[in-house]
Amino acid sequence: MAINNINNGLPKNPVDNGKVSQQNQTQQAQQQATAKSATAAPAPRQDSVSLTQSAQQLNQVQKKGTEAPVNQEKVDRLKKAIQSGDYQINPEVLASKIAKAEAEIFGTK
């Protein structure tokens, strides 16, 4: 059986072994780079936290509250007075102290 029209009748080009070798090396280098990047562990993600200014101020107030000295003698005396019913509240003094505290907190006078 005869095969006609191989390569459309064009002459066969000679093989350039140097060029083939260079192409093979390039392909191998690309495959190795792909393999390395696929097996390399990604860098660990760094988590971070940032607090708003209000949260920072609240944190400072809480720290000051826990560090404040406590007059345990006065606390015990007030507890006994409340439990016995002897503790009297002056509504005018209480109202003025609340107003003063609000003025300090909210900046109004």
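- Going from atom NZ of K64 over to atom CG of N59 covers 11.5 Å, rounded to the nearest 0.5 Å.
- The shortest non-hydrogen separation linking N90 to E92 is OD1-OE1, 2.8 Å.
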| request: Kindly indicate, with the supporting measurements, whether the criterion side chain to side chain donor-acceptor pair (under 3.5 Å) is fulfilled by Q72 and D76. | output: CA-CA 6 Å; Q72 193 61 43; D76 292 337; 3.2 Å; yes

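- Within the model, atoms CD of Q32 and CD of Q30 stand 11.0 Å from one another, a figure rounded to the nearest 0.5 Å.
- In this structure, I98 belongs to a hydrophobic cluster whose other members, linked by side-chain heavy atoms under 4.5 Å apart, are L78, I82, Y87, I89, L94.
- Counted within 6.0 Å of CD on Q22, heavy atoms from surrounding residues, nucleotides or ligands total 12 or fewer; the atom is thus considered open.
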